[in-house]
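Right, one structure below, let's go through it.
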Amino acid sequence: YDALHGSGTGAGNIGIGRNVMGGAVTGNYNVGLGYTSLSALTAGVNNVAIGLNAGNNLTTGSNNIFIGASAAASAAGVSNELNIGNWIYGASGNIGIATLTPTEKLDVNGNVRFSGALMPNNAAGTAGQVLTSAGAGTSPTWTNPVGGSNGWALTGNTATVPATNF
């Protein structure tokens, strides 16, 4: 009902649901499934919106994917963006979990839980090693800690006596 009812000239658009792409869409190959998905779209190509109100704030962007109820674009004219359920976001080759604008390949806002080995450069390290930063833009490396057998030494500044100072 009222899907693609605007006076648009776009070709290859598919709309299923009330008010899907209801404006004058001039863009091509957009797909909207769900009540008011892509309802504000007037131009743009290759957008996909699935769910109630999905992508309904997008007006002119291209190559976007919105999945889930009210999965919205970060801006009205954004391109190349992913939003899954307002929890997982993708932009500029980065994926964000609970962050709208990820700045790293994986950007997590919250705690991280994983099982298995931490593998920088596909290396798991060995028992007792620690990760050592090599600075920004460089992968950390596994190193052996300096000091006692457990990685800690009871030493300090000159004239420090471990028996009395620690």
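The analysis underlying the following values was restricted to heavy atoms, covering all of them including side chains, and did not include hydrogens, waters or symmetry mates. In this text the structure is predicted, and so the values were computed from the model without any measurement.
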Inset, instruction - Verify side chain to side chain contact (heavy atoms under 4.5 Å, CB included) between F66 and L58, making sure each step is shown before the conclusion. - result: CA-CA 10 Å; F66 307 103; L58 184 70; 3.9 Å; yes
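- Side-chain atoms of V20 and L33, non-hydrogen and from C-beta on, never get closer than 4.5 Å to each other.
- Judged by distance alone, with hydrogens and angles left aside, the side-chain atoms of T26 form a donor-acceptor pair with the main-chain N or O of T42 at under 3.5 Å.
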Legend entry - Stepwise side chain to side chain contact (heavy atoms under 4.5 Å, CB included) test for S39 and N56: CA-CA 5 Å; S39 61; N56 71 346; 3.4 Å; yes
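- Under a 3.5 Å cut-off, the side chain of T99 and the backbone N or O of G96 do not form any donor-acceptor pair.
- In the hydrophobic cluster analysis, where Ile, Leu, Val, Met, Phe, Trp and Tyr join through side-chain heavy atoms closer than 4.5 angstrom, V108 is grouped together with I84.
- Residues passing the side chain to side chain donor-acceptor pair (under 3.5 Å) test with T138: none are found, sequence neighbours excluded.
- Within the 4.5 Å cutoff, the side chain of W142 has no heavy atoms near those of the T132 side chain.
- Formation of a donor-acceptor pair under 3.5 Å by the N28 side chain with backbone atoms of G12 is not found in this model.
- Taking every heavy atom of both residues into account, A49 and A54 meet most closely at CB-O, 3.3 Å.
- At least one donor-acceptor pair closer than 3.5 Å links the side chain of N57 to the backbone N or O of A73.
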Legend entry - Step-by-step side chain to side chain contact (heavy atoms under 4.5 Å, CB included) determination, V31 to N13: CA-CA 6 Å; V31 178; N13 294 312; over 6 Å; no
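- For the atom pair CD1 (I67) and CG (N83), the distance works out to 9.0 Å, reported to the nearest 0.5 Å.
- Between atom CD of residue Q129 and atom CG of residue N144 there is a gap of 4.5 Å, rounded to the nearest 0.5 Å.
- Side-chain contact check for S74 and E81: at least one donor-acceptor pair (N or O, by modelled atom type) lies under 3.5 Å.
- Closest approach of I95 to G90, counting heavy atoms only: CD1-CA, 4.1 Å.
- The line from CG of L52 to OH of Y35 is 8.0 Å long, rounded to the nearest 0.5 Å.
- In this structure, a donor-acceptor pair under 3.5 Å is absent between the side chains of T36 and N19.
- Scanning both residues, Y89 and P102, for their nearest heavy atoms gives O-CG, 4.0 Å.
- In this structure the side chain of L131 never reaches within 4.5 angstrom of the side chain of T141, judged on heavy atoms.
- A donor-acceptor pair under 3.5 Å is formed between the side chain of T59 and the backbone N or O of A76.
- Interatomic distance, CG of N64 versus CG of N46, reported as 10.0 Å (0.5 Å rounding).
- Cluster annotation: I16 and V48 are assigned to the same hydrophobic cluster (Ile/Leu/Val/Met/Phe/Trp/Tyr, side-chain heavy-atom contacts under 4.5 Å, transitive).
- The heavy-atom pair separating S70 from N86 by the smallest distance is O-ND2, 3.0 Å.
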Legend entry - side chain to side chain contact (heavy atoms under 4.5 Å, CB included) assessment of I97 paired with L106: CA-CA 8 Å; I97 298 175; L106 179 60; 4.2 Å; yes
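- In this structure, M119 CE and N121 CG are separated by 10.0 Å, a value rounded to the nearest 0.5 Å.
- Nearest heavy atoms, T103 versus N94: C-ND2, 3.6 Å.
- Among all heavy-atom pairs drawn from G85 and A71, the shortest one is N-CB, 4.4 Å.
- In this structure, L38 is not a member of the same hydrophobic cluster as V45, with clusters built from ILVMFWY side-chain heavy atoms closer than 4.5 Å.
- Here the CG-CH2 distance, from N109 to W87, works out to 9.0 Å after rounding to the nearest 0.5 Å.
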